[in-house]
Amino acid sequence: MNILVGITGGIAAYKAPLLVRLLRKAGHEVKCVATEHALQFVTPLTLETVSGNKLYADLFATDNDHTTEHISLKDWGDMMVVAPATANIIGKMASGIGDDALSTLLLSLSRKPILLAPAMNTQMWENAAVQRNIGYLRSIGVEIVEPADGDLACGTSGTGRMAEPEEIFECVNALMCKRVSADASNTNTFTHSHINTLFKRVLVTAGPTYERIDAVRFIGNYSSGKMGFALAEALAKQGAEVELVTGPTALKCNHPNIHRTDVESAREMFDAATKLFPSCQAAILSAAVADYRPEHTADHKLKKQGSEGMTLTLVQNPDILATLGKMKQEGQMLIGFALETDNEMENAQQKLERKNLDYIVLNSLRDAGAGFGVDTNRVTIIGRDGSTHTTPLLSKAQVAEEIVAHCLKK
Ligand code: CTP
């Protein structure tokens with residue numbers, strides 16, 4: 001593929017050559033387009049050397065290959081990624097301004113996929129005008145790799161760091177896959193997927209649920225959401241569109257194939273999951289859903305009631321997994337999780353039958369390094385036919401890839 005890499009004037013411009021190298025190593029042709037300010041941070045010689053092509057930075061340079069270079073580059077490129085994207089270029093794009101080489105090229109690219117990797121100080125990122133511009137660009141189909149949290153060049157820390165080049169590279173791949181599958185008649189051009197391409201849209205639930213007691217208190221659990229987010233990432237990387245329904249968590253997901261719905265309670269998760277499931281070919285429910293919720297919730301903060309204690313009556317929440325098991329149609333796949341401490345295999349197998357699942361992923365709390373909050377996990381995947389597959393202790397990202405490869409393989 002021919003990829004245009006735009007670079008604007010932020011300190012993260014020093015990472016742009018790394019992105020260019022990743023793209024070249026993956027076999028893409030790359031041409032760089034930089035703003036005048038970007039060249040304060042990264043030199044033309046660096047960009048030309050890593051891309052293997054002439055840099056385009058001046059609309060009126062007499063040594064440009066064409067007099068209307070922005071138009072010929074628009075025809076050459078299959079997509080464009082701008083990394084870093086400053087608030088300035090985001091504002092120009094949202095307003096349709098073309099006053100230099102990069103902004104005129106972006107204006108002319110309206111029919112090609114564009115991916116932005118914003119990078120700026122936290123207050124600039126949170127600025128109402130910047131957020132409005134981002135919202136508008138999203139609404140017209142521009143993809144955004146959200147900035148990460150971390151140390152910023154201005155000495156503070158917060159949201160605003162450009163996503164790492166590896167992450168941007170993954171997003172470029174996903175965008176290209178999206179484009180290839182949208183190019184209708186091409187049925188086999190999406191080659192690097194090892195999941196069955198029948199699984200185009202997959203629902204994933206993640207995280208804990210919070211069940212409100214009053215205006216300031218809730219019943220929750222220790223689930224971090226890491227396993228579900230890792231599953232969503234693994235699926236998205238392989239080209240699936242992911243509907244991620246998550247309970248409260250601090251985790252972020254950047255992949256353009258992941259559509260996130262944030263919920264708080266089990267009933268909200270139930271509503272979102274049952275609405276989305278009919279349009280998905282598979283669902284993996286990894287959320288730690290509260291089995292019970294307080295019968296009554298107060299809008300205000302409940303006052304202490306003296307020394308005699310307090311009794312909370314709990315009522316049962318709907319079982320999302322079992323409900324999807326009843327809704328399941330021919331051709332849909334349903335995967336659940338089980339967290340067991342005793343008679344693990346037997347209980348998990350019964351759960352698989354009872355909830356009409358195709359696979360159940362058994363987490364054992366007995367394994368050191370597995371379970372809530374930690375970054376590693378070890379699971380046994382049990383199939384409907386009684387087959388089992390146990391992973392070693394792996395990172396949650398690796399476990400997610402194993403689950404996806406095992407259950408949704410060709
Ligand atoms: N689950 C769900 N909705 C609920 C409870 C659980 O979708 N209200 C899903 C979880 O996401 C997980 C699976 O069901 O995929 C297993 O949940 P678990 O709590 O282990 O099983 P239960 O059926 O609730 O049984 P028990 O608590 O008795 O083990």
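Since the model is a prediction, treat every value here as computed from it, not as a measurement. Hydrogens, waters and symmetry mates play no part in the numbers below; they use all other heavy atoms, side chains included.
Closest non-hydrogen pair, Pro318 versus Arg267, comes out as CD-CG, 3.8 Å. In plain terms, the two heavy atoms of Gly228 and Val204 that are nearest each other are O-CG1, 3.6 Å. Looking at every heavy atom in both residues, Thr8 comes nearest to Pro84 through OG1-O, 2.6 Å. Here the closest heavy-atom approach between residue Ser224 and residue Thr249 is recorded as O-OG1, 3.1 Å. When all heavy atoms of Ser108 and Lys74 are compared, the closest pair comes out as O-CG, 3.2 Å. When all heavy atoms of Ala119 and Ala12 are compared, the pair lying nearest together is CB-CB, 4.2 Å.
With rounding to the nearest 0.5 Å, the separation of CG in Leu302 from CG in Asp299 is 10.0 Å. Summarising the geometry, atom CD1 belonging to Ile90 is positioned 9.0 Å from atom CD belonging to Gln131; distances are rounded to the nearest 0.5 Å. Atom CG in Leu312 sits 5.5 Å away from atom CD1 in Ile219 (nearest 0.5 Å). Separating the CD atom in Glu166 from the SG atom in Cys171 is a distance of 11.5 Å, to the nearest 0.5 Å. A distance of 10.0 Å separates CE in Met333 from CG in Leu198, rounded to the nearest 0.5 Å. Put simply, NZ on Lys112 and CG on Leu175 are 14.0 Å apart, with the number rounded to the nearest 0.5 Å.
Put simply, the side chain of Cys253 reaches to within 4.5 Å of the side chain of Arg260, judged on heavy atoms. Side-chain contact between Val33 and Ile7 is absent, with no heavy atoms from C-beta onward closer than 4.5 Å. Inter-residue side-chain proximity for Leu235 and Phe199 is flagged as unmet; no heavy-atom pair is nearer than 4.5 Å. The side-chain heavy atoms of Lys326 and Thr323, taken from C-beta on, include no pair separated by under 4.5 Å. Contact of the Glu143 side chain with the Ile114 side chain is not registered, since no non-hydrogen atoms from C-beta on lie closer than 4.5 Å. A 4.5 Å side-chain heavy-atom check between Leu231 and Ile403 finds at least one atom pair inside the cut-off. A heavy-atom distance below 4.5 Å is found between the side chains of Met79 and Val172. Between Arg378 and Val399 there is no side-chain heavy-atom pair separated by less than 4.5 Å.
For CD of Glu330, the number of neighbouring non-hydrogen atoms (other residues, nucleotides, ligands) closer than 6.0 Å is 12 at most.
Among residue pairs with one or both ends in residues 374-399, those qualifying as ring-ring contact (aromatic ring centres under 6.0 Å, His included) are His389-His406; sequence neighbours excluded. Within the structure, every pair that satisfies the side-chain hydrogen bond (donor to acceptor under 3.5 Å, both in side chains) test and touches residues 204-213, not counting sequence neighbours, is listed here: Thr209-Glu211.
Every residue two or more places apart in sequence or in another chain was checked for a salt bridge (Lys or Arg N to Asp or Glu O under 4.0 Å) with Asp75, and none qualifies. Judged as a side-chain contact (heavy atoms from CB on, under 4.5 Å), and not counting sequence neighbours, the contacts of Ala163 are Val145, Glu167, Ile168, Asn254. Taking Ala397 as the reference, Ser395 meet the side-chain contact (heavy atoms from CB on, under 4.5 Å) condition, with sequence neighbours excluded. By the ring-ring contact (aromatic ring centres under 6.0 Å, His included) test, Phe169 is found to be paired with no residue, residues two or more places apart in sequence or in another chain being considered. Considering only residues two or more places apart in sequence or on other chains, Tyr136 meets the side-chain contact (heavy atoms from CB on, under 4.5 Å) condition with Ala94, Ser139, Ile140. Among residues two or more places apart in sequence or in another chain, the salt bridge (Lys or Arg N to Asp or Glu O under 4.0 Å) test is passed with Glu36 by none.
A side-chain N or O of His259 and one of Glu241 form a donor-acceptor pair less than 3.5 Å apart. In the model, Thr35 has no side-chain atom that pairs as donor or acceptor with a side-chain atom of Asp100 under 3.5 Å.
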Query raised in the report: Run the side chain to side chain contact (heavy atoms under 4.5 Å, CB included) check on Thr246 and Thr261 step by step: do they pass?
Result: CA-CA 6 Å; Thr246 176; Thr261 306; over 6 Å; no
**Report entry** Check against side chain to side chain donor-acceptor pair (under 3.5 Å), Asp385 and Ser387
**Finding:** CA-CA 6 Å; Asp385 57 1; Ser387 63; 2.8 Å; yes
Query - Worked verdict on Ile89 versus Thr86 for side chain to side chain contact (heavy atoms under 4.5 Å, CB included) - result: CA-CA 6 Å; Ile89 196 73; Thr86 55; 3.9 Å; yes
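Looking at Asp358, its side chain does come within 3.5 Å of a backbone N or O of Leu334 through a donor-acceptor pair. At least one donor-acceptor pair closer than 3.5 Å links the side chain of Asn2 to the backbone N or O of Trp76. Of the possible polar contacts, none joining the Asn127 side chain to the Gln123 backbone as a donor-acceptor pair under 3.5 Å is found. Not a single donor-acceptor pair under 3.5 Å links the side chain of Glu48 to the backbone N or O of Leu45. Between the side chain of Asn257 and the backbone N or O of Val242, no donor-acceptor pair lies under 3.5 Å. Between the side chain of Asp262 and the main chain of Val245, no donor-acceptor pair closer than 3.5 Å is present. Side-chain N or O atoms of Glu268 include one that pairs as donor or acceptor with a backbone N or O of Glu264 at under 3.5 Å. For the pair Arg384 (side chain) and Leu357 (backbone), a donor-acceptor distance under 3.5 Å is present.
Remark: of the listed residues Val379, Thr380, Ile382, Val379 is the sole one forming a side-chain contact (heavy atoms from CB on, under 4.5 Å) with Val361.
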Which pairs would a plain distance check flag for residues 289-298, meaning a side-chain donor or acceptor within less than 3.5 Å of a matching protein atom at least two apart in sequence or in another chain?
unit_1, atom_1, unit_2, atom_2, d
Arg293, NH1, Gln316, O, 3.1
Arg293, NH1, Asn317, OD1, 2.9

Donor-acceptor pairs under 3.5 angstrom involving side-chain atoms of residues 269-284: please list them, not counting sequence neighbours.
unit_1, atom_1, unit_2, atom_2, d
Thr274, OG1, Phe270, O, 2.7
Thr274, OG1, Asp271, O, 3.2
Ser279, OG, Arg201, NE, 3.4
Ser279, OG, Arg201, NH2, 2.6
Ser279, OG, Leu276, O, 2.9
Gln281, OE1, Lys200, N, 3.0
Gln281, OE1, Arg201, N, 2.7

Contacts table for residues 17-30: side-chain donor-acceptor under 3.5 angstrom, sequence neighbours left out:
unit_1, atom_1, unit_2, atom_2, d
Arg24, NH1, Val50, O, 3.1
Arg24, NH1, Ser51, O, 2.9
Glu29, OE1, Asn53, ND2, 3.3

Which atom pairs, donor and acceptor, lie under 3.5 Å between side-chain atoms of residues 337-346 and protein residues at least two apart or in another chain?
unit_1, atom_1, unit_2, atom_2, d
Glu340, OE1, Asn347, ND2, 3.4
Glu340, OE2, Lys351, NZ, 2.7
Glu344, OE2, Ser364, OG, 2.6

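For the pair Arg161 and Asp151, the salt-bridge criterion is not met [side-chain N within less than 4.0 Å of a carboxylate O]. At a threshold of 4.0 Å, the pair Asp99-Lys92 counts as salt-bridged, since one of the basic side-chain nitrogens sits closer than that to a carboxylate oxygen.
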